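Before any comments, here is the structure.
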2 protein chains.
Amino acid sequence: MASARTPRTADDGSGSRRKSSTAATLGDVATHAGVSPATVSRVLAGNYPVSRSARQRVLRSIRELNYVANTHARALAGVQTKTIAFVLADVRGPSFAEAAHGVEQEAARLGWLCLIGTTQGDRERELAIVRLMREQRAGAVVLIGGVADADDYNEQMTELAYSLRAAGSLLVLCGRPPLATGVPAAVIGYDNEEGAYAITSHVLAQGHRRILFLGGEERHTTSLGRLEGYSRALNTFGVEFDPSLVEHGVFTRASGYQLTKKRLTGARDFTAVFAATDVMAAGVYAAVNEAGLSVPDDISIVGYDDIELAQDLRPRMTSVHVPYEELGRTAAKVAADEDHKREDWPGLQVTLKTHVVVRDSVARLD
Amino acid sequence: MASARTPRTADDGSGSRRKSSTAATLGDVATHAGVSPATVSRVLAGNYPVSRSARQRVLRSIRELNYVANTHARALAGVQTKTIAFVLADVRGPSFAEAAHGVEQEAARLGWLCLIGTTQGDRERELAIVRLMREQRAGAVVLIGGVADADDYNEQMTELAYSLRAAGSLLVLCGRPPLATGVPAAVIGYDNEEGAYAITSHVLAQGHRRILFLGGEERHTTSLGRLEGYSRALNTFGVEFDPSLVEHGVFTRASGYQLTKKRLTGARDFTAVFAATDVMAAGVYAAVNEAGLSVPDDISIVGYDDIELAQDLRPRMTSVHVPYEELGRTAAKVAADEDHKREDWPGLQVTLKTHVVVRDSVARLD
DNA sequence: ATGAAAGCGCTAACAA
DNA sequence: TTGTTAGCGCTTTCAT
């Protein structure tokens with residue numbers, strides 16, 4: 001049991017404040033246990049037979065030295081790191097936060113770490129971050145939320161999907177449309193069109209015919225999907241789609257407020273507002289209230305996402321519930337699943353259900 | 001210009017979908033530029049003289065090969081990674097999200113990456129995560145939000161502060177009290193006591209004398225600080241502190257709702273409620289409304305944090321504004337600042353200002 | 001079942 | 001100014 005290096009104890013129990021000695025390495029554990037580094041590595045990986053006695057000694061040394069493997073050394077030696085990178089536009093969006101929470105929860109449960117990056121909705125920045133995450137050898141990169149659609153962007157993202165896959169990693173698209181078929185990425189989504197169709201139908205069923213649609217950026221996939229559902233519902237009810245009833249802004253309270261305020265000056269040519277997100281809808285409420293109008297007597301309002309806020313607005317807002325947390329959890333599960341590394345992995349597409357939650361923000365028109 | 005390895009181009013321009021070849025390494029760049037690896041490393045680090053011509057060739061090769069340094073190799077070679085780890089209880093808390101956003105923004109601006117971990121308010125998990133982040137060689141670890149106070153916990157965290165510092169990293173406490181003096185950690189905070197004092201004084205000045213305080217966990221530092229301010233204000237106004245007017249729960253809407261509901265059954269012995277967070281206050285509103293009572297005519301309500309929600313509640317809620325985003329930004333700045341690595345770094349404590357935002361949720365009592 | 005040794009990509013001390 | 005070389009801590013053949 002030769003010992004070239006002095007084993008470094010993690011705590012000398014002296015209780016005195018001192019700089020902790022540098023952390024124990026695998027080599028230290030090996031020395032301490034009287035085995036070779038390879039053996040320690042083997043018991044750690046558990047992918048190779050090790051004698052009972054050796055294993056026990058190693059385990060004991062690990063405990064005593066308070067050993068924790070160095071992730072970087074591992075990564076360098078070629079092992080995929082158990083970190084899942086997720087990138088979103090802004091952590092402050094409640095629905096994003098919900099999804100992020102789902103990812104984080106599930107990742108933690110599986111013993112994975114989370115890297116996070118935000119893009120402020122900037123496509124270039126998003127691409128840059130995904131590249132960065134690839135260099136970090138993230139085990140998977142999860143993209144949360146829609147994007148403003150664009151061809152060259154899609155092309156670059158597709159390229160990244162392939163390159164991630166080649167590196168043993170995986171691109172997970174969460175809450176946004178798939179790339180072209182055959183591209184090796186997992187897609188976890190919900191149906192924007194369907195939910196929008198359902199809630200618009202609900203409004204129409206209450207007798208409304210002029211419904212103002214407040215969307216995000218014009219080419220934003222989420223906004224687009226919701227607009228389509230809105231439009232299809234009109235169609236079903238035999239109401240002609242009026243482009244002048246569609247406004248584009250961004251997914252913030254301020255934007256919802258401004259857009260509404262603008263439409264409220266002059267003749268009012270709508271009886272209801274469908275805000276593409278609940279956060280925007282909060283701005284609609286504010287503008288309507290400020291104009292001295294009442295919800296829903298003067299104007300009905302519906303949103304999308306069903307975040308907690310929907311219950312705090314007065315009157316409580318009717319909205320489309322999206323299982324964001326579940327979305328995130330699923331993404332993490334897929335990311336952590338080794339299955340996608342198989343040569344013949346067929347790709348994966350999951351679509352979660354949404355449903356309308358009816359509250360008190362839509363008046364019946366007779 | 002010998003070339004043992006075939007230089008690997010990043011893009012063959014063929015436009016066809018193919019697995020990207022494995023990424024170029026520093027060695028590839030060296031070969032391509034006809035210099036030694038050391039030279040490449042030098043131009044990258046910029047900490048050593050390199051001839052103009054060599055530098056230019058290297059830079060060009062880097063561009064052509066699309067080279068990006070491997071973080072893990074760097075970390076292993078002993079360089080601090082430019083990643084700032086931040087750990088908080090739950091990304092879904094709006095004020096946390098705000099702070100997280102601040103950290104993320106500033107970090108990105110400085111070219112740093114963010115690692116995130118959540119604890120669900122569990123101290124053990126928090127310690128475990130901080131240890132993990134240390135193993136990840138994070139350049140700094142930022143702890144956001146209060147914790148339930150406990151001696152042994154403080155001791156372990158102190159130990160971690162030293163060990164982080166020894167590893168060239170830094171512990172940043174954000175929105176929580178300092179550890180013992182002399183402990184090498186940065187503290188970025190705001191004054192919970194002061195803000196609570198101010199808003200309670202405001203309520204008292206409106207004539208209220210029986211104010212229900214709804215706090216979080218009993219030993220939670222944030223809750224504690226706010227309770228102290230509440231208590232001092234009572235004292236200033238010559239009102240005796242009544243322990244039966246203090247309830248403890250957790251910082252969620254549901255908790256605020258339940259606590260209020262409980263206090264609303266039977267004789268009502270308070271005219272105002274001070275919820276320790278806005279999110280809890282939303283629950284208070286809900287319970288009060290549900291009991292058929294009116295805010296502020298029957299019951300006045302104030303919160304703390306001044307998140308966006310405060311403006312969406314009706315009537316709009318009076319609250320204490322906390323510059324969370326600024327808090328996060330400051331934390332990131334401090335974390336990224338090399339200054340703290342100096343041997344004689346004196347430690348750092350920043351305290352941000354809060355202020356009361358008066359809205360419509362407090363009635364004047366005469 | 002176990003150990004020796006090479007190598008992952010980078011940095012830094014030492015030579016030249 | 002530049003190159004050579006020895007690690008950083010781990011995994012993984014290849015021997016034994």
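Remember, it's a predicted structure, so these values are computed and weren't measured experimentally. To find a chain, count down the sequence lines: A is the first, B the second, and so on, and within it residues start at 1.
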Candidate nucleotides [options], ranked by approach to the side chain of [X] - the nearest:
{"X": "A:N47", "options": "D:dT12, C:dA12, D:dG9", "answer": "D:dT12"}
{"X": "A:R74", "options": "C:dT11, D:dT11, D:dG9", "answer": "D:dT11"}
{"X": "A:N70", "options": "D:dC10, D:dG7, D:dT11", "answer": "D:dC10"}

Would you please classify the geometry between the A:W345 ring and the A:H340 ring as parallel, tilted or perpendicular, with 30° and 60° separating the classes?
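The rings of A:H340 and A:W345 stand perpendicular, inter-plane angle above 60°.
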Verify whether one side chain among B:R134 and B:S163 offers a donor that lies under 3.5 Å from an acceptor in the other.
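Result is yes, a qualifying pair exists.
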Answer yes if the side chains of A:Q156 and A:T158 hold a donor-acceptor pair under 3.5 Å, and no otherwise.
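No, no side-chain donor-acceptor contact under 3.5 Å.
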What does A:A69 touch in the nucleic acid at a heavy-atom separation under 4.0 angstrom: a base, only the sugar-phosphate, or nothing?
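Sugar-phosphate, backbone atoms only, no base.
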Need one value for B:A75: base, sugar-phosphate or nothing, where a base atom within 4.0 Å counts as base even if backbone is also close, heavy atoms only.
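Nothing, no nucleic acid heavy atom in range.
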Around atom CG of B:D151, are there more than 12 heavy atoms from other residues, nucleotides or ligands closer than 6.0 Å?
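No.
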Trace of the salt bridge (charged side-chain N to carboxylate O under 4.0 Å, His left out) decision for B:E126 with B:R176:
CA-CA 14 Å; B:E126 184 175 285; B:R176 74 169 62 176; 3.0 Å; yes
Measure from [atom1] on [X] to [atom2] on [N] and round the result to the nearest Å.
{"X": "B:L76", "N": "C:dA12", "atom1": "CG", "atom2": "C1'", "result": "14 Å"}
{"X": "B:H72", "N": "D:dT11", "atom1": "NE2", "atom2": "P", "result": "14 Å"}
{"X": "B:L26", "N": "C:dC10", "atom1": "CG", "atom2": "P", "result": "5 Å"}
{"X": "A:I62", "N": "D:dC10", "atom1": "CD1", "atom2": "P", "result": "10 Å"}
{"X": "B:Q80", "N": "C:dT11", "atom1": "CD", "atom2": "C1'", "result": "14 Å"}

If the test is side chain to side chain contact (heavy atoms under 4.5 Å, CB included), which one of B:L143, B:L127, B:L179 qualifies with B:L160?
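When B:L143, B:L127, B:L179 are each tested with B:L160, the side chain to side chain contact (heavy atoms under 4.5 Å, CB included) holds only for B:L127.
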N/O contacts under 3.5 Å, protein versus nucleotides 2-6 of chain C?
from: C:dT2; atom 1: OP1; to: A:S51; atom 2: OG; distance (Å): 2.6
from: C:dT2; atom 1: OP2; to: A:S51; atom 2: N; distance (Å): 2.6
from: C:dT2; atom 1: OP2; to: A:S51; atom 2: OG; distance (Å): 3.2
from: C:dG3; atom 1: OP2; to: A:S36; atom 2: N; distance (Å): 2.9
from: C:dG3; atom 1: OP2; to: A:S36; atom 2: OG; distance (Å): 3.0
from: C:dG3; atom 1: OP2; to: A:T39; atom 2: OG1; distance (Å): 2.7
from: C:dG3; atom 1: N7; to: A:R42; atom 2: NH1; distance (Å): 3.0
from: C:dG3; atom 1: O6; to: A:R42; atom 2: NH2; distance (Å): 2.4

